[in-house]
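Worksheet: the structure to be examined is printed underneath.
Counting starts at 1 for both ligands and their atoms, following the listed order. Treat the numbers as computed from the prediction; the structure is a model and nothing was measured.
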Amino acid sequence: MRTCMKPQTFLLASALLCTLLGLGYPLSCEVCTGSGLTCSGNVQTCDPDQDSCVVTVAETSRKGHWSVNTYKGCMKSSACRSDFLSITMDPENYAVSNTRCCQGDACNRDPVPAPQNNRTENGLQCPTCIAHFKETCSSTQQVPCVGKESRCAAFTGKVQTGIIFATQGCATENACHTKPGTLVPSASRIYTITRANCPSDTQPSGKAK
Ligand SMILES: *[C@@H]1O[C@H](CO)[C@@H](O)[C@H](O)[C@H]1NC(C)=O
């Protein structure tokens, strides 16, 4: 048998090829959740289909309980968007977050800046509702939008425990295109948004654009 390469050379060549093609050699990311503007945890190997590391910092108010929380972990790039997000259901229930996605081992170590939490009303209003164990909710009330929130949005999501919820309120434009799987860490739980849309029949009233 003719060997054209030494085994070591062959292994090295395969490793290079795999790296170039993005195959095998799974990504590793720092994984943690915690209160505050950053958290630290172990660097863990991601599932093969998780090709991004994520760090997200969220300032949330849930039933008036305000908190800042950080989540770091592995994600699919298709569910990860580096962006600022602002969602308001009512003055006691809202979330603002900053997210950064990156590709590279432990690239999510560095914190992201705290999201700007501008609660100044901007003159727009949207229908609002919150319901658990449901995929949709209907609204009888309006909420004033704040800061950069320019759209009325409806979300379906789930809490870690698997409990689904539906909500409507004001949101930044990018929330209308929220990728399924977007995470919003809150005090004792992490919310996953599984569906988002901005129905055109419920666009903000007020000094509309
Ligand atoms: C906060 O939001 C209001 C309403 O949209 C806006 O007029 C104001 O400039 C914002 N403040 C900052 C610091 O961005």
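- With Cys53, the cysteine Cys102 has an SG gap of 2.5 Å or longer.
- Relative to the six-membered ring of Tyr94, Arg62 misses at least one condition, a distance below 6.0 Å or an angle of at most 45° to the axis.
- Closest approach of Arg119 to Val146, counting heavy atoms only: O-CG1, 3.3 Å.
- Atom 13 (C) of ligand 1 has as its closest protein heavy atom Gln116 NE2, 3.6 Å.
- Within the 6.0 Å centre-distance limit, the rings of Phe165 and Tyr191 are counted as a close aromatic pair.
- Looking only at heavy atoms of the protein, atom 5 (O) of ligand 1 is closest to Gly147 O, 2.8 Å.
- Interface of Asn122 with ligand 1, defined as ligand atoms under 4.0 Å from a residue heavy atom, comprises 4 (C), 5 (O).
- Residue-level proximity to ligand 1 for Lys148 is absent, since no heavy atom of it falls below 4.0 angstrom.
- Protein non-hydrogen atoms do not reach within 4.0 Å of atom 7 (O) of ligand 1.
- Compare Thr120, Asn117, Val146, Asn118 by their heavy atoms: the one nearest to atom 1 (C) of ligand 1 is in Asn118.
- Between Glu92 and Lys63, no side-chain nitrogen of the basic residue sits less than 4.0 Å from a carboxylate oxygen of the acidic one, so the salt-bridge criterion is not met.
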